[in-house]
Amino acid sequence: MNNLIGKNLTAGYGGVDIIKDINLEVNEGEIVVIVGPNGAGKSTAMKALLGMLSLTSGSVEYSNEEISSMLPQNRINLGLAFVPQTNNVFTGMTVEENLEMGGFLRDDDIIHTINDVYDLFPILKEKRNQSAGELSGGQRQQVAFGRALMTQPKILMLDEPTAGVSPIVMDELFSRIIEVRKTGVGILMVEQNAKQALGIADRGYVLVNGKNSREGTGQELLNNPEVRKSFLGG
Amino acid sequence: MMKFERYEWLAISIMFSLFILVGLIQGWSVSLVILNMCIISAIMTMGVNISWGYAGVINFGVMGFLAMGGLAAVIVSYPPITESWKVGGTGIGISFVLLVVLVISVMYINKAVKEKRNRYISNGIVIVFGILVIRFFYLNATANIEDVNPAIAGFLGGLGLPIIFSWIVGGFFAAGVAFIIGKVALGLRSDYLAIVTLGISEIVVSVLKHEEWLSRGVKNVIGLKRPVPYEINLQNTDWFISLITYINTSKLNNIIDVGDRDEALNKLIIEGSSIFVKLSYASLFFIVMFIIFYFANKAQLSPWGRMMRAIRDNEIAASAMGKDVVKQHLIIFVIGAAIVGVAGAMLVTLDGLFTPSAYRPLRFTFIIWIMVIVGGSGNNLGAIFGGFVIWFSWIEAAPLTTFIINQITTGLDSNNPLRLHLLDSVPYFRYLLMGSILLLILRYRPKGIIPERVRHS
Amino acid sequence: MIDFLNSIIVLLNFIIIPGISYGSQLALGALGVTFVYAILRFANFAHGEIMSFGAMITILFTWFFQSQNIGLGILPTALLALPVGIIATIILCIISDKFVFQYYRYQKSVPVVLAMVSIGVMFVINAIIRIIIGTETIKFSDGQKFIMKAKQFKVMTGLNEGLALKSSQVITILITIVLLTFTFWFLQKTKTGKSMRAFSDNEDLALLSGINPDRVVFITWAIVGVLACVAGSLYGLDKNYKPLIYLNLVLPIFASAIVGGIGNPFGAVVGGYIIAFSEIMITYAYKKFFVYLLPGPLEPSGLVQILSTDYKFAVSFSILVIVLLIRPSGLFRGRVL
């Protein structure tokens, strides 16, 4: 079984450590959510797993293989995928070209995967020849999501996939995420909308001030009075 | 007053020993010619450095500002040509007034007409109509002016004042042009601004080259009055002759024959007069350089200089703190250009002639930028050092290359085609030298030879 | 009616045909500049010298082929030498990247530093060219000079005005069409071309998609080499090779790229033609044209010239400034600057 594990991660920007000694794990076929207050280092933790910033200490393992010093591109090759929070589509390219670029590393025929993405997000099929920059926020998120799926990842990381979209679109995106999980993909996401995210999560981590504060199943965290009080609005 | 660090003293002494070396090897006259140009280069470099080094505003319009300074030298010092004013003065005057009216009406339209499309249309109509009217007066007037004794005049002439005033006027001329350019182009991203300023300087130079009524264009203006004595006058001045005699007493006393002695004295006087003139220029230039250096340093240390650095290092933060970044950029761009203008007037003063076609933006702008980068942007002493070193290498590259080629090809026959070809190409090696210096400095010492001092204030 | 035809021929002969061929040369040059800008993200001041270098190699091999009596009959021998020039130019580009630009790319230097670096490269290439070939004007077009001479045309049509068609003009236009078609096909249809667009569009996301930046940069320089060498050689073929003119050519080329929207290949091509036509149209004296078109009493007395030809170079920059004032991102939305 494929899994991604971050052990005792300490990392940050310009010599300042933002996350300290964090442990994270995501397995194939489960949804894991990282929640926490602003500035807790949620996105940083995710970027550390992907190798987009160098670790001060700790290690990253993928399917029992140490990948701490691997370039992000090569981790993509292994089966990781990442959807950034902003600037996550090629605005000057059409929807279909965005998807093709997602499958850039694949040598096999990617048309089936493109069709799978279109099945998942029918609106994209309709807008396949429109440039991604002209789409609405929610549609762009779908393109970004679809682009990441094109690599046929084992583990998919989403950085606030529902930031800035309407509640209806958010529900829709979450239901798509559940559908993707059904295909066996492990999903790690950072979410501001902690309540809804934990609602669909198998497991969750709470980060506070760059440290692991609590972890458990989605339901456990939802029902925990302290967690509720701190960021679920009571 | 600032104190120099040890390596800065080292840089200064290297510069001086170089001139002494050239003086001893190639003669003092050569050394002084190079020195004078070095001082002018240093002033230009300081001008560029103020906008780039202090505030990060790029200025590739150097040649345009330099040429404006040169124009100032002509307009201040050339005697007025009454004939030209008589036939064309009114026409030029009317054109100028009309131009002002045109600009004001365009500004009025920009304010008054709110809708974008209408604004463009009405502006377009006003501008086209205005230009047609202006052309009518203007073309007549300029044709008349250019007909006045074209062999020696054919332009409006100047004010007939001492040329030294033009050093200040040149600064103002350049500042005026810089203000217009800045209004248009500042606010663009820096590499973009570089291209635009370079292009506008090309426009400025081509105007000076082709508007003969103003500057005689490619026909050049020659015989501008000097601020220092002429050699020929010096040679007939008593105090100068006695000075030379006094300096060379021992040498002359060794010559016994009276005729020989007179001849030797005569030779010394001619040589001495040329050196004296160059020294006078050098002292005047040095004073200007020192004044600019003093104030530039003072400004850099002032709160204003600190604010400029803050803007340079983090534009977004500075504008968030309520600094008007575009306005400050405009101010420093204009100041930098003014200093270049001063240098331009000095350059024409030194040459005694104004040749618009010599201002070739693409050839010389970059040399000045190499001076800035090599010297160390943000450091005025570095700017001066860069100006000196680069001009010095530019001039001395040829003799040095000849020497090196001769050394390398000693094994070859003196008529070997490769050797001859290389010797023919000697003037081109200076470009290789300039490019290599720039690349090496950018790679291994990106802050320049004398880097900006980091002040934690 | 005859007068009308004559006036059209005047326009064709003095504006349209020269405009298209000069425009093609600028378009190819501007396309190269825009490629570097889109992928490597700096203004490459060395581009003019790269063009000049390509033309120089083409000339050297033209001479070589001529000395071996290898030719193309009525076509200029330079066409045979062009592929060699292209290969040499690509090598030059790759070398300058490996030894110079790459370092700053890895350092993630700001664009203006890279622009300065390109000035250094410009000086070095400039010196190499001068040392190898000197500074003299070189005429290297051979073969049949005209496809149609003005006189032939007059005899053929019986009109007063002649229409001259130089073979260098036709070759320029044909090669440009082929090269532009190929470039746009490459960018729009091939996987590699698309990956270059993606890289230009969003570098971080391109990396996340597994696009290899070094490969993109390599291909960019290869394309830039082809475009620069062809543009430089065609310009030299059309107007004789002057090593020093390419330095000045940088300005209208930059103007073309920026007017069209820098980083936008289509914009660069359109920009090239806009700049070329404005330079020619604004400085052309229309007297002859109006003499044919208007009845006697209305004929103009002056030259009917908007600006004197002295201002040719200034025109491109005035247009640049106007476009910047009205639409800073260029006509076709380049990168936001």
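Note: hydrogens, waters and symmetry copies are ignored here, and every other heavy atom, side chains too, is used. Predicted, not measured: the structure shown is a model, and the values here were computed from it.
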* Structure fact -> Whatever's closer than 4.5 Å to a heavy atom in chain B on C/Ile129 counts as neither

* Asked: Considering only heavy atoms, which portion of C/Val315 lies under 4.5 Å from any heavy atom of chain B: side chain, backbone, both, or neither?
  -> neither

* Considering residues, nucleotides and ligands other than C/Glu136, do more than 12 of their heavy atoms fall under 6.0 Å from its CD? -> no

* **Contacting region of C/Thr135 [heavy-atom separation from chain B under 4.5 Å]** => both

* To do: Could you have a look at C/Val100, C/Val117, C/Asn126 and say which one has the most heavy-atom pairs with chain B under 4.5 angstrom?
  => C/Val117

* Apply the side-chain contact (heavy atoms from CB on, under 4.5 Å) test between C/Met116 and each candidate in B/Val372, B/Leu439, B/Ile370, B/Ile58; give the one that qualifies. => B/Ile58

* **Structural part of C/Asn248 lying under 4.5 Å from a heavy atom of chain B** => both

* Return the orientation label for the C/Phe123 and B/Tyr431 ring planes: parallel under 30°, perpendicular over 60°, tilted otherwise. => parallel

* **Portion of C/Leu251 that has a non-hydrogen atom of chain B nearer than 4.5 angstrom** => side chain

* Are there more than 12 heavy atoms of other residues, nucleotides or ligands under 6.0 Å from atom OH of B/Tyr120? -> yes

* Is chain C contacted by the side chain of B/Ile131, its backbone, both, or neither, given a heavy-atom distance below 4.5 Å? -> neither

* Would you check if B/Phe429 and C/Arg130 make a side-chain contact, meaning some heavy-atom pair closer than 4.5 Å? => no

* To do: Please look at C/Ser318 and chain B and tell me whether the side chain, the backbone, both or neither of the residue comes under 4.5 angstrom of a heavy atom of that chain.
  => both

* So which of C/Leu320, C/Val112, C/Ile131, C/Val124 has the biggest tally of heavy-atom pairs under 4.5 Å with chain B? -> C/Ile131

* Asked: Atom CZ of B/Phe366 and atom CE of C/Met122: how far apart are they, to the nearest 0.5 Å?
  -> 4.5 Å

* Count the heavy atoms of every other residue, nucleotide or ligand shown that sit under 6.0 Å from NZ of B/Lys219, and state whether that count exceeds 12. => yes

* CZ of C/Phe317 to OG of B/Ser206: how many Å apart, nearest 0.5 Å? -> 11.5 Å

* Examine whether an atom of B/Arg430 lies under 4.5 Å from a heavy atom of chain C, and if so say whether it belongs to the side chain, the backbone or both; otherwise answer neither. => neither

* Asked: Which of the residues B/Ile437, B/Ile195, B/Val196, B/Leu432 is involved in the greatest number of heavy-atom pairs with chain C at under 4.5 angstrom?
  -> B/Ile195

* Looking at B/Leu433, B/Asp424, B/Val207, which has the largest count of heavy-atom pairs under 4.5 Å with chain C? -> B/Val207

* To do: Please indicate whether B/Phe136 has more than 12 foreign heavy atoms, meaning atoms of other residues, nucleotides or ligands, lying under 6.0 Å from its CZ.
  => no

* Gap separating the CZ atom of B/Arg360 from the CG atom of C/Leu244, nearest 0.5 angstrom -> 8.5 Å

* Taking the six-membered ring for Trp and the full ring for Phe, Tyr or His, determine whether the centres of B/Phe60 and C/Phe45 are under 6.0 Å apart. => yes

* If you tally heavy-atom pairs under 4.5 Å against chain B, which of C/Phe42, C/Tyr311, C/Phe254 wins? -> C/Tyr311

